[in-house]
Amino acid sequence: MQTLRMNSSLLNTFVEALKPLGTLMAPVERSPGVFSLEPIEEVSTARPDAVRTVLPFKKLLLKPSFCMLERRDGQNAQQSGDNDPGPVVFFGAHACDIHALKILDLLYLSDFVDPYYKRNREQLTVVGYGCFPDEKCFCRSQGTANVDDGFDLFLTPLKNHFLVTIASARGDDIVRANQSLFEPSTRSDVQEYMARLKERERSFTLSMDVTDLPYVLELKRDDPVWEELGKKCLCCGSCSMVCPTCACFNVRDEIPEEGVARRMRTWDACLYREYALVAGGHNFRATRADRVKNRYYHKQEAFVREFGKPSCVGCGRCIENCPTGINVVEVFKTVRGEL
Ligand code: SF4
Ligand code: SF4
């Protein structure tokens with residue numbers, strides 16, 4: 001890892017220099033305070049400082065719905081390129097996004113490699129951007145407020161310039177190809193960075209006690225709190241759709257027109273009633289309480305047992321988008337008997 005500095009006035013030039021690497025995707029303000037991750041032509045429309053986009057970057061790797069195979073009358077089934085956007089540059093990834101990306105890598109690239117994810121992941125350039133939290137961020141509690149790897153370049157904004165951290169060979173290539181933009185970092189940069197770090201730490205207003213959480217959850221498996229939560233949760237799936245680490249999907253066949261058959265892969269959610277419904281009509285998670293509980297147990301208990309860390313990065317998207325105001329931090333406070 002190497003850190004350089006870049007004058008703030010060069011940001012647009014830097015982002016322009018990323019364009020040849022692929023479709024440039026960045027947060028864009030769609031309506032006041034509402035940000036969407038979109039392809040950008042005009043660099044000035046990018047808002048890497050936005051705290052969070054509605055949908056996270058996972059849509060860059062696996063579209064919400066895409067065609068895997070298509071068969072036309074009289075022909076063999078053909079692989080579809082529907083989920084093949086080609087090389088993509090994600091500009092404006094925050095530390096929690098990068099941790100979420102590493103979690104998706106664990107899921108999709110470990111034991112059973114997902115070829116659709118792998119192809120797009122290999123073509124993804126990740127340029128991070130240092131953020132400040134809002135009142136829904138609790139990444140610090142989840143250990144995801146800062147990041148050392150999993151990106152190519154990371155820009156930390158200071159007063160008049162950026163610290164630019166290089167964490168991959170691809171990041172190094174970008175810097176080498178645009179050497180005039182960068183210079184060595186200085187001692188005063190380090191001081192400024194340390195001051196920023198402290199200020200950022202002080203900015204967190206939301207935190208979650210994760211002490212021994214998997215074990216606490218094990219003990220609270222039959223707690224009435226889950227029934228109560230099931231009465232409030234609509235099982236609408238919004239929290240799963242916006243979650244950067246929720247990765248369930250469904251595969252179904254459809255006939256969009258006479259003589260054409262398609263195999264579609266679509267984002268799914270364990271909160272939906274049909275998710276655990278099996279042939280014969282049995283549903284392994286028949287009640288809303290079962291399903292919402294399952295989501296929390298998967299994130300904070302099962303994933304920890306399997307991969308040694310939770311699969312929640314504290315991004316706050318589920319808090320922001322739940323129509324009934326369910327707040328993951330309050331849920332776990334209730335579980336601990338603190339509310
Ligand atoms: S967004 Fe809220 S209501 Fe909808 S499934 Fe998630 S927790 Fe339940
Ligand atoms: S569970 Fe909520 S806070 Fe955690 S990563 Fe998913 S959307 Fe973000």
Side-chain angles (χ1 to χ4, degrees), residues 27 35 37 50-59 61-62 64 93-107 131 133-147 150 204-210 213-214 217 225-248 267-276 285-304 307 309-335:
F35 297 89
L37 190 54
V51 177
R52 64 181 73 79
T53 52
V54 178
L55 283 184
F57 67 87
K58 68 182 179 184
K59 69 176 186 175
L61 296 156
L62 294 164
H94 296 326
C96 67
D97 292 321
I98 296 165
H99 280 280
L101 183 62
K102 288 164 54 161
I103 286 168
L104 291 187
D105 287 351
L106 283 174
L107 284 169
C131 56
D134 71 3
E135 73 290 350
K136 297 183 187 100
C137 296
F138 59 101
C139 52
R140 193 174 57 153
S141 307
Q142 297 298 128
T144 57
N146 300 290
V147 68
F204 283 94
T205 54
L206 189 64
S207 65
M208 187 166 110
D209 183 2
V210 294
L213 191 50
L217 286 174
V225 67
W226 303 115
E227 282 302 323
E228 285 306 309
L229 190 61
K231 288 180 195 158
K232 197 172 175 193
C233 173
L234 306 172
C235 283
C236 66
S238 296
C239 52
S240 288
M241 297 301 132
V242 301
C243 177
T245 64
C246 272
C248 297
W267 289 3
D268 203 352
C270 57
L271 291 148
Y272 295 152
R273 195 182 64 81
E274 295 79 12
Y275 189 84
R285 289 190 284 274
T287 69
R288 286 188 289 166
D290 290 337
R291 297 195 288 276
V292 68
K293 173 183 169 186
N294 175 67
R295 181 166 188 271
Y296 288 115
Y297 270 75
H298 181 253
K299 296 242 171 251
Q300 298 286 356
E301 197 244 1
F303 205 87
V304 179
F307 294 109
K309 59 181 178 183
S311 68
C312 169
V313 296
C315 70
R317 283 185 177 87
C318 56
I319 301 174
E320 188 158 275
N321 290 287
C322 177
T324 64
I326 292 173
N327 178 319
V328 53
V329 174
E330 287 171 10
V331 168
F332 286 112
K333 275 195 178 147
T334 310
V335 168

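Since the model is a prediction, treat every value here as computed from it, not as a measurement. Residue numbers count from 1 along this sequence. Whatever order the structure lists them in is the order used to number ligands and atoms, beginning at 1.
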Note to self: Is there a side chain to side chain contact (heavy atoms under 4.5 Å, CB included) between C270 and H298? Walk through the geometry before answering.
What the structure shows: CA-CA 10 Å; C270 57; H298 181 253; over 6 Å; no
Next item on the list: Would you sort out whether E228 and K231 count as a salt bridge (Lys or Arg N to Asp or Glu O under 4.0 Å), showing the intermediate values?
Entry: CA-CA 5 Å; E228 285 306 309; K231 288 180 195 158; 3.0 Å; yes
Report task. Take R317 and L55, measure what side chain to side chain contact (heavy atoms under 4.5 Å, CB included) needs, and give me the verdict at the end. Result -> CA-CA 8 Å; R317 283 185 177 87; L55 283 184; over 6 Å; no
For this session: Applying side chain to side chain contact (heavy atoms under 4.5 Å, CB included), run through F332 and L217 and close with a yes or a no.
Result: CA-CA 9 Å; F332 286 112; L217 286 174; 3.7 Å; yes
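Protein heavy atom closest to atom 3 (S) of ligand 1, with residue, atom name and distance, is L234 N, 3.3 Å. With respect to atom 2 (Fe) of ligand 1, the closest heavy atom belonging to the protein is C322 SG, 2.3 Å. For atom 4 (Fe) of ligand 2, the closest heavy atom belonging to the protein is C312 SG, 2.3 Å. With hydrogens left out, the protein atom closest to atom 8 (Fe) of ligand 1 is C233 SG, 2.3 Å, a heavy atom.
Of all atoms in ligand 1, numbered sequentially from 1 with element shown, those under 4.0 Å from a heavy atom of C235 are 5 (S), 8 (Fe). Counting the atoms of ligand 2 from 1 in the order shown, those under 4.0 Å from a heavy atom of G316 are 3 (S), 8 (Fe). Against a heavy-atom cut-off of under 4.0 Å, F138 is close to the following atoms of ligand 2: 3 (S). Atoms of ligand 2 found under 4.0 Å from any heavy atom of R295, numbered from 1 in the order shown, are 1 (S), 6 (Fe). Near C243, meaning under 4.0 Å from one of its heavy atoms, ligand 2 places the atoms 5 (S), 6 (Fe), 7 (S). Near I326, meaning under 4.0 Å from one of its heavy atoms, ligand 1 places the atoms 7 (S). Close approach of ligand 2 to V313 is summarised as follows: ligand atoms under 4.0 Å from at least one heavy atom of the residue are 4 (Fe), 5 (S). Counting the atoms of ligand 1 from 1 in the order shown, those under 4.0 Å from a heavy atom of P323 are 1 (S). Numbered from 1 in the order shown, with element, the atoms of ligand 1 that lie under 4.0 Å from a heavy atom of L271 read 5 (S). Near G237, the atoms of ligand 1 lying under 4.0 angstrom from a non-hydrogen atom of the residue are 4 (Fe), 5 (S). Atoms of ligand 1 found under 4.0 Å from any heavy atom of S238 (numbered from 1 in listed order, with element): 1 (S). Close contacts between ligand 2 and C318 involve ligand atoms 1 (S), 2 (Fe), 3 (S), 7 (S) [criterion: under 4.0 Å to a heavy atom].
Not a single heavy atom of Q142 sits closer than 4.0 Å to an atom of ligand 2. Under the 4.0 angstrom criterion for non-hydrogen atoms, V328 is not in contact with ligand 2.
With respect to C318, the side chain to side chain contact (heavy atoms under 4.5 Å, CB included) criterion is satisfied by exactly one of N327, V328, I326: V328. A side chain to side chain contact (heavy atoms under 4.5 Å, CB included) with Q142 is found for exactly one of M208, K309, H99, namely M208.
In H99, neither the side chain nor the backbone holds a heavy atom less than 4.0 Å from any atom of ligand 2.
Not a single N, O or S atom of C315, from either the backbone or the side chain, sits less than 2.8 Å from atom 4 (Fe) of ligand 2. For a distance bound of 2.8 Å, the N, O or S atoms of C239 include one lying that close to atom 6 (Fe) of ligand 1.
To the nearest 0.5 Å, atom NE2 of residue H94 and atom OG1 of residue T53 are 8.0 Å apart. In this structure, NZ in K299 is found 10.5 Å from CG in N294, a value given to the nearest 0.5 Å.
Counting only heavy atoms from C-beta outward, the side chains of D134 and R52 approach each other to under 4.5 Å.
A donor-acceptor pair under 3.5 Å links the side-chain atoms of R291 to the main chain of R285, judged by distance alone. Judged by distance alone, with hydrogens and angles left aside, the side-chain atoms of T245 form a donor-acceptor pair with the main-chain N or O of S311 at under 3.5 Å. With hydrogens and angles disregarded, a donor-acceptor distance shorter than 3.5 Å links the side chain of K58 to the backbone of C243.
Contact record, P214 with E301: O-CG, 3.6 Å, taken as the closest heavy-atom pair.
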